[in-house]
Amino acid sequence: MAATKDSKEQKYDRQLRLWGDHGQEALENAHVCLINATATGTEILKNLVLPGIGAFTIVDGHIVSGEDAGNNFFLSSDSIGKNRAQAATELLQELNSDVSGNFVEESPDKLLDNDPEFFHRFTIVIGVQLPESTCLRLGMVLWSASVPFLICKAYGLIGYMRLMVQEHTVIESHPDNALEDLRLDRPFDEFKSHIKSYNLSIMDKKDHSHTPWVIIVAKYLERWLSEHDGQPPKNYKEKEAFRQIIREGILKNENGGLEDEENFEEAIKNVNTALNPTKVPTSVEDLFNSEQCNNITAQSSSFWVMLRAVKEFVYNEGSGSLPVRGSIPDMIADSQKFINLQNVYREKAMQDAAAVSKHVESLLQSVGKPPESISEKDIKLFCKNSSFLRVVRCRSLAEEYSVDSINKDEISGLDCCCFRFFSYLI
Amino acid sequence: MADAEEPEKKRRRIEDLTEKMAVESGHRDGGCYWEGRWNHVRKFLERPGPFTHPDFEPSTESLQFLLETCKILVIGAGGLGCELLKNLALSGFRLIHVVDMDTIDVSNLNRQFLFRPKDVGRPKAEVAADFINRRIPGCKVVPHFKKIQDFDESFYRQFHIIVCGLDSIVARRWINGMLISLLGYEDGVLDPSSIIPLIDGGTEGFKGNARVILPGMTACIDCTLELYPPQINFPMCTIASMPRLPEHCVEYARILQWPKEQPFGDTSLDGDNPEHIQWVFERSQERAAEFHITGITYRLTQGVVKRIIPAVASTNAVIAAACATEVFKIATSAYIPLNNYLVFNDVDGLYTYTFEAERKENCTACSQVPQDLQFPPSAKLQEVLEYLTENASLQMKSPAITTTLEGKNKTLYLQSVKSIEERTRPNLCKTLKELGLSDGQEIAVADVTTPQTVLFKINFTA
C-alpha cells in the first residue's frame, strides 16, 4: 500500500511546484484534528487529505442525521444513524491511501473533562461549529500546549475563521514579487573587481551588445559617483540624466543612427529599481529586535538561533546588509558573461552563509548544544530567504474575550444614533 | 374525541401538510428521498431573512425548480469541475450536463477528487458524472467527452445557467462568443429571455478569480482581455545561441533538436509521454553542461515542455464554491449576485476583493460596434495579420481573413489548412491595394477565439 516515491512525485507534481519538497515533507509529518464532521469540517479535511497530510483524527460525538447526509459529500444515506466521526472518516480516507484516518466517537467537552492532553499530540486542531464555551476551554488547553487552533463557523452565506497560534515561523515564504538583491548601491569587492574586468569603450560590437545590464549600470554609476561627490542619482531629474548618459553609451552605426542594443535598453529600464538602496527590510529588523532573537537559550528553535546569527552577521561582516541572496534575474547577455556574473553573486552568497554558519556555531556552543544540530543546508536556505522571513503571532482566545482587553470606549460609542448598527441573533 | 378545530382551519392545515408531503414525496424516486435531506437548502428558500434579495418571496417552489427543472451546464470536469459538480448536486441541482475533452492523468489526483488511480486514462466527464450520480442519489449528471466546439447553438440554448472551470483563455472566449450569438434583439432592445448567465472561474496556484457575466448586459470575457497577462515565450536567438537559464536549454531540445533528430520517428513531442520527456531532459542536460548552466531537473523539464501551471485542492475549492453560490443565487433569485468580479489570493495570508468590471464600448465580442481598422493602401497583408494577433484587445491566434471582391468570396489568408496556407501565403507580402481592397472594404475574420466571424472595416490612411 505504500506509494513509491516516484508515484507520489507524479501524483503531487502540481502542488510540489508551489511548496517544494520541504513543504510536502512538513505536510506529511502533520497530524490534524477536526472537531465535528459537518459539511464545513469535511470540506476542510478534504483539502488536506488530497495533498497528502500525514494523518487526521475526527472527534465527533454526534449521530448522522438526515440533514447531515443531505448536505455533506462525505456522508451518505447509509451513514444515517451511525456515529458521524466514523462515517465521515470512511469516505475521507477513501480519497487518498497515503493518509492515515482516525476517529474518536466523543464530544470535545467530554475529552476536555477526562483527557485534555489528548489534544497535545496534534499539529493543529480545527474546531467547527463549536459553542463559545467549548472554544474557550479548548483554547486554553491548546494555547498552553502551543498547538495552533483554527475556529470555523458557517451559517447560511456567512462564514467565520479565527486562527489562534502563538508563534509560527516561516523561512520559505515563496514571495510573489521579490525585489532583486543586486547590491549596485554598495558593491562588494568581488563585484567591483568583476566590473573592472570590463572595458566598454574597447569592446567589439558583439560583446558590447551582450554585456549584462547590471555591468552597464554599475560602470556608469561608478562614473557618476566620481563626478558627483560620491552621491548617487536621487530624484527624478538626476535619474533621468543618468538614464541619458547610459543612452549615449549605445553604439552608433555608420550612418550615425543607434545600433539595436537591447541590453542597454534593459539597463535604462532597470535604473529605477537598480538604484534602490540595499537595506534590511523593516519586517526583518522587527524580528531582530524581538525577545526571542535577543535571548537565545537551549530551548530556542533553530529559526531563532539562525536569525540571531544573521543579525550578528549584519552588524559585523555584513556591514549593515543581509547575506547576499546569490540569485540574479535573467537578462540579455551571452551565456558566458551571464554565467560569470551569476557566479560572482553565488560565490559571495556562499561566503556570507559560511560567515553566518560561524555565528550559528558559537551561539549553539554558548547554550551547550552541538554545532551540528543545525545543518549547513538549513543555514544556506535560511540565508537565501533572509529578506522574506515571516513570523505570525495571534493573541489567545482568552485575551480576546477578556474583559480587560475589550475596547469599551469604541463599543459604547456605537450606541450613538449616528451609527447604523444591525445585530442579528444567530 | 371531538375534533375541536374549525372545519376551515382543518382543511387548510391538511392542505398545507399535503403540499409539504407532495413536495417531499415528489422526489421519492428510487430511494433518493429521506427525511430532512433538503432541510439546509430549504432554510434559504422557504423563510424570509435580512440578507435576501429585495424581490425574494419564500416559497416551496424554488426547491422544486432546482430539483426538477433547472438545467445547468458545467464546462470542465477538472480541478474546478469536480468541485462545481459536488456543490451543485448538494444544493439541489439535478439536471446537470458536464463537458470535458480530456482523460484522467495521475497528476490530476491531488485535487480532482472524483477520480481514483484506477480511473487514469478514462474520460473525465464520464468518471465524474458516474461518481456524482452514485454519491448523490437522484442527481442526473450527463457527461459529454467532447470539445465545447463540437456543439452548436441548439445544445447551449437548453441551459438556464452555464458555469465554467476551463484552463484556457481561448476556450473561454469561444463560449463567451457562443452565448453572445444566442442573444435576441427586438427593435434594438435586448430580449432578456435570450440571456444565459455565464459564471466563469479560473485558478492558478494560490490565486483565483470568479466572475458573473450576463451576456449583452455586463462585461464579457473579451471586454477585459487585457487583464490576462501575456504568455512568456523566450526569444529564438536566446534559445539558439545564448542560453542562460535551464529553461532555455529545455526549449532548445524541444523546439530545435526534437524536429531535427526525430528520436521516436515522425511523431510530435507528447508532454504526457515519460519517454519523450526523458529524452528532452537528457538533451537539456547536455546543452546545460556545454554552457555551464546548473539547475536542470526532470520536474523543470516537464514544467517547461507542458507549460505546467501549479495547482492545489484548496484554491479550486474556494473558487468553485464562489461560482456555485452565484449559480444558486441566480437560479433561485434569493440573493443578490456578485457584481461582478472576485479576486482571491492566499499566497500571503488571505486576500480577496470584488469589483465591477466594466463593459468595453467597442468590445469585439459584445459591443455590436463594427470594428474599424486604419491602414495605408501600401500596407502589406502581413501587417494586418500581425495587428489581429498582437493587438491587446484582439489577441487572435491564427486568424483566417476573407473578403468579397467583384461579388465573389475570396480567401486572403488561412493558416489552418495546409494547402490553402501554401496557396494564400504569397498574399502576405502583397499590399492591400495590390490585393484589390478599396477604402472602407469589409473583411471577415474567423479565429479559434470566437464561434462567429468578426467583421472589420478597413479605412485607408494617407
Side-chain angles (χ1 to χ4, degrees), chain A residues 3 7 9-19 39 43-44 46-52 65-74 76-77 80 91 94-97 156-158 161 173-176 210 212 262 330-340 342-343 346 390 392 422 424, chain B residues 31-32 34-41 43-44 49-51 79 86 89-91 105-111 113 116-117 135-137 205-207 235 238 241-245 247-248 291-293 298-299 302-303 308-314 316-317 321 325 329 335 345 347-350:
Chain A
S7 70
E9 280 247 4
Q10 282 187 302
K11 180 164 76 164
Y12 299 138
D13 179 83
R14 299 300 187 270
Q15 70 203 38
L16 290 170
R17 289 168 195 277
L18 281 175
W19 54 64
E43 182 76 17
I44 297 169
K46 156 174 78 60
N47 298 331
L48 293 169
V49 169
L50 286 170
S65 68
E67 226 178 64
D68 290 335
N71 84 338
N72 194 328
F73 193 78
F74 298 96
S76 67
S77 55
I80 299 174
L91 291 180
E94 189 268 321
L95 285 174
N96 189 348
S97 53
L157 296 182
I158 301 171
M161 277 201 308
S173 58
H174 300 281
D176 238 352
H210 292 97
E262 277 182 70
D330 190 27
M331 57 192 82
I332 295 176
D334 64 54
S335 314
Q336 181 122 69
K337 293 192 181 60
F338 180 82
I339 301 295
N340 289 345
Q342 191 179 55
N343 284 337
R346 279 185 180 173
R390 302 290 297 274
V392 177
F422 299 97
Y424 296 100
Chain B
C32 47
W34 61 82
E35 173 99 33
R37 179 176 187 187
W38 300 111
N39 278 3
H40 285 289
V41 178
K43 285 201 181 108
F44 283 87
F51 304 115
K86 157 179 69 73
L90 285 171
S91 304
D105 179 70
V106 70
S107 65
N108 299 147
L109 302 177
N110 79 328
R111 63 203 184 281
F113 62 93
R116 296 289 173 276
R135 184 64 66 88
I136 316 289
F206 288 120
K207 304 182 207 178
T238 302
S241 48
M242 50 189 84
R244 296 174 297 267
L245 303 179
E247 287 83 347
H248 301 158
F291 288 87
H292 306 286
I293 297 170
Y298 185 91
R299 193 184 292 169
Q302 200 181 34
I308 289 178
I309 295 174
V312 75
S314 52
N316 282 308
T325 302
K329 287 183 187 175
Y335 286 82
N345 183 335
V347 172
D348 183 346
L350 194 156

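Every chain is numbered from 1 and lettered A, B, ... according to where its sequence line falls, protein lines coming before strand lines.
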Between [options], which residue shows the highest count of heavy-atom pairs closer than 4.5 Å to chain B?
{"options": "A:Gln15, A:His210, A:Met161, A:Glu67", "answer": "A:Glu67"}
{"options": "A:Val392, A:Asn96, A:Leu16", "answer": "A:Leu16"}
{"options": "A:Met331, A:Glu94, A:Glu9", "answer": "A:Glu94"}
{"options": "A:Asp334, A:Asp13, A:Leu18", "answer": "A:Leu18"}

Could you tell me whether A:Gln336 atom CD has more than 12 heavy atoms of other residues or ligands within 6.0 Å of it?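 No.
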
B:Arg299 CZ: over 12 foreign heavy atoms closer than 6.0 Å: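 Yes, CZ of B:Arg299 has more than 12 neighbouring heavy atoms, counting only those of other groups under 6.0 Å.
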
If you compare all heavy atoms of B:Ala317 against all heavy atoms of A:Glu43, which two are closest, and at what distance to 0.1 Å?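 Closest heavy-atom pair between B:Ala317 and A:Glu43: CB-OE2, 3.8 Å.
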
Under 30°, 30 to 60°, or over 60°: which ring-plane class applies to A:Phe74 and B:Phe113, parallel, tilted or perpendicular?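 Taking B:Phe113 first and then A:Phe74, their aromatic rings sit tilted (interplane angle of 30° to 60°).
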
Heavy-atom cut-off 4.5 Å, strictly under: side chain, backbone, both or neither for B:Asn316 against chain A?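 Neither part; nothing is under 4.5 Å.
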
Counting only heavy atoms closer than 4.5 Å, note whether B:Ile309 contacts chain A via side chain, backbone, both or neither.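 Just the backbone, heavy atoms under 4.5 Å.
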
Starting from the C-alpha separation in whole Å, work towards a yes-or-no answer on side chain to side chain contact (heavy atoms under 4.5 Å, CB included) for B:Arg37 and A:Asn71. CA-CA 8 Å; B:Arg37 179 176 187 187; A:Asn71 84 338; over 6 Å; no

Counting distance only, does the side-chain N/O of B:Arg135 pair as donor-acceptor with the main-chain N or O of A:Phe73 below 3.5 Å?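 Between the backbone of A:Phe73 and the side chain of B:Arg135 there is a qualifying donor-acceptor contact (under 3.5 Å).
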
For A:Gln10, does its backbone N or O pair with a side-chain atom of B:Ser107 as donor and acceptor, under 3.5 Å?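 Side chain of B:Ser107 to backbone of A:Gln10, a donor-acceptor pair under 3.5 Å: no, none is there.
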
Tell me, side chain or backbone of A:Ala39 under 4.5 Å from chain B's heavy atoms, or both, or neither?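 Neither part.
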
Non-hydrogen atoms of chain B under 4.5 Å away: do they reach the side chain of A:Asn72, the backbone, both or neither?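 Backbone only.
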
Verdict with supporting geometry, A:Lys337 and B:Met242, side chain to side chain contact (heavy atoms under 4.5 Å, CB included): CA-CA 10 Å; A:Lys337 293 192 181 60; B:Met242 50 189 84; over 6 Å; no

Applying side chain to side chain contact (heavy atoms under 4.5 Å, CB included) to A:Trp19 and B:Phe206, what does each step give before you reach the verdict? CA-CA 11 Å; A:Trp19 54 64; B:Phe206 288 120; 3.9 Å; yes

What distance separates A:Gln342 CD from B:Ile293 CD1, expressed to the nearest 0.5 Å?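 Going from the CD atom of A:Gln342 to the CD1 atom of B:Ile293 covers 8.5 Å.
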
